[in-house]
**Student:** 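So that we are looking at the same thing, I have put the structure below in structure tokens.
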2 protein chains.
Amino acid sequence: MNGKEIRRSMPLFPIGTVMQLTELTARQIRYYEEHQLISPARTDGNRRLFSLNDIDRLLEIKDLIDQGVNMAGIKQLFLVKEQHANEQEQEMKKVKRELTDEGLRKLLRNELLHSGRLNSPSLRQGDLSRFFH
Amino acid sequence: MNGKEIRRSMPLFPIGTVMQLTELTARQIRYYEEHQLISPARTDGNRRLFSLNDIDRLLEIKDLIDQGVNMAGIKQLFLVKEQHANEQEQEMKKVKRELTDEGLRKLLRNELLHSGRLNSPSLRQGDLSRFFH
DNA sequence: AACAATATGTCAGAAAACCTGACATGGTTT
DNA sequence: AAACCATGTCAGGTTTTCTGACATATTGTT
């Protein structure tokens, strides 16, 4: 299903809530946006509205910063991750197209091995699984 | 697991977001609170913060109102529902205590038949499953 | 029909939350 | 030491939300 991605990208949270959820200051969050690590939506009145994906990202950012990575580094990491995710996506589609017995077994094995690797923070720690089931 | 209930009752959303999610006006939402159909948390600055459970409730309320039920009726419905949920809870605990083979079969059968009936809107339509997986 | 109650709309004034932009500061890197 | 990076802090302005009051349309009651 892909309504899931829609849900996870739906702009819902004001910055105050995000501050609490991530334990980042407003300043930090705005700074990361300034450096294009996140792109939260805006309300009509120009207030930021964050999605679950945004929050996941912020938690990843926090983690990386703790590990000494700087803005540029994080940006690069996100880039390659996204690329990788896209490749995977393509691979999935391809495999699904040639849905022979053989292909099916391959697909299933892959999904079991790296289950949910798309869009889920592959860098351990701090995702939102604790908030939403 | 019960962290789930914690997550679902975590105060996250300001009234503006809830308005959009439920398509209720602020006036309506406050009115329902006034009549104790919901009890959203408050921020330090006295602003309402709604949980996923609150939003589920609001959607139920909306549904019931559409069907002509008034405040008092809805309140009663919620009361009996909660009672029922508690009874079920007790029953569950009891069955789990006497976890004989027999009890186990009974438990499983029950869980399969009415799966997830606790805390999920037993009145059909309008819950948040569309937003969070 | 007249009246009361219910659910919601609308407005006003005040307080809280958020916005951007600027400058300050403590660590790092060069 | 100079420059840079990530963050803190402050100011002035805008948006959002708060409560309380009054208006109104629909429904229920006498």
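Excluded from the calculations below are hydrogen atoms, water molecules and symmetry mates; all remaining heavy atoms, backbone and side chain alike, are included.
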**Student:** Would you mind reading off the distance between B:Ile29 atom CD1 and D:dT16 atom P, rounded to a whole angstrom?
**Tutor:** 15 Å

**Student:** If you look at every strand shown and take non-hydrogen atoms under 4.0 Å, does A:Asn70 touch a base, only sugar-phosphate, or nothing?
**Tutor:** sugar-phosphate

**Student:** Are A:Glu89 and A:Lys94 within salt-bridge range, i.e. N to O under 4.0 Å?
**Tutor:** no

**Student:** Under 4.0 Å between a side-chain N/O of A:Tyr31 and OP1 or OP2 of D:dT7, yes or no?
**Tutor:** no

**Student:** For B:Gln28 and C:dT6, what is the distance between atoms CD and P respectively, to the nearest whole Å?
**Tutor:** 17 Å

**Student:** Does A:Glu82 have any salt bridge (charged side-chain N to carboxylate O under 4.0 Å, His left out) partners at least two apart in sequence or in another chain, and if so, which?
**Tutor:** none

**Student:** Could you state the interatomic distance from CZ (B:Arg42) to CZ (B:Arg48), rounded to the nearest 0.5 Å?
**Tutor:** 4.0 Å

**Student:** List the protein contact pattern of nucleotides 18-27 of chain C with one symbol per nucleotide (5' to 3'): B for base contact, S for sugar-phosphate-only contact, - for none; contact means a heavy-atom distance under 4.0 Å.
**Tutor:** BSB-B-----

**Student:** What's the CG-C1' distance between B:Leu64 and C:dA7, to the nearest Å?
**Tutor:** 15 Å

**Student:** Please confirm whether the shortest side-chain N or O distance from B:Tyr32 to OP1 or OP2 of C:dA7 is below 4.0 Å.
**Tutor:** no

**Student:** Round to the nearest Å and state the distance from A:Ile65 atom CD1 to D:dA6 atom C1'.
**Tutor:** 7 Å

**Student:** Does a side-chain N or O from B:Thr43 land closer than 4.0 Å to OP1 or OP2 of C:dA16, or not?
**Tutor:** no

**Student:** Mind calculating the distance between NZ (B:Lys62) and C1' (C:dT8) to the nearest angstrom?
**Tutor:** 14 Å

**Student:** Find out whether A:Leu52 and A:Met10 are in side-chain contact, i.e. whether some heavy atom of one side chain is under 4.5 Å from a heavy atom of the other.
**Tutor:** no

**Student:** Rounding to a whole Å, what distance do you find between B:Asp44:CG and C:dA15:P?
**Tutor:** 17 Å

**Student:** Measure the distance from NZ on A:Lys75 to P on D:dC5 and round it to the nearest whole Å.
**Tutor:** 12 Å

**Student:** Taking only Lys NZ, Arg NE, NH1 and NH2, and the carboxylate oxygens of Asp or Glu, determine whether B:Lys81 and B:Glu60 approach each other closer than 4.0 Å.
**Tutor:** yes

**Student:** Spell out protein contact along nucleotides 25-30 of chain D as letters: B when the base is contacted, S when just the sugar-phosphate is, - when no protein heavy atom is under 4.0 Å; keep the 5' to 3' order.
**Tutor:** ------

**Student:** Could you check how far CD of A:Glu23 sits from P of D:dT7, rounded to whole Å?
**Tutor:** 14 Å

**Student:** Is the closest side-chain donor-acceptor distance between B:Gln90 and B:Asn86 under 3.5 Å?
**Tutor:** no

**Student:** Can you check whether A:Asn70 reaches A:Ile65 side chain to side chain, under 4.5 Å on heavy atoms?
**Tutor:** no

**Student:** So, do A:Met19 and A:Leu24 sit near enough that their side-chain heavy atoms are less than 4.5 Å apart?
**Tutor:** no

**Student:** Against A:Thr22, only a single residue in A:Asp54, A:Ile61, A:Leu58, A:Thr17 fulfils side chain to side chain contact (heavy atoms under 4.5 Å, CB included); can you say which?
**Tutor:** A:Leu58

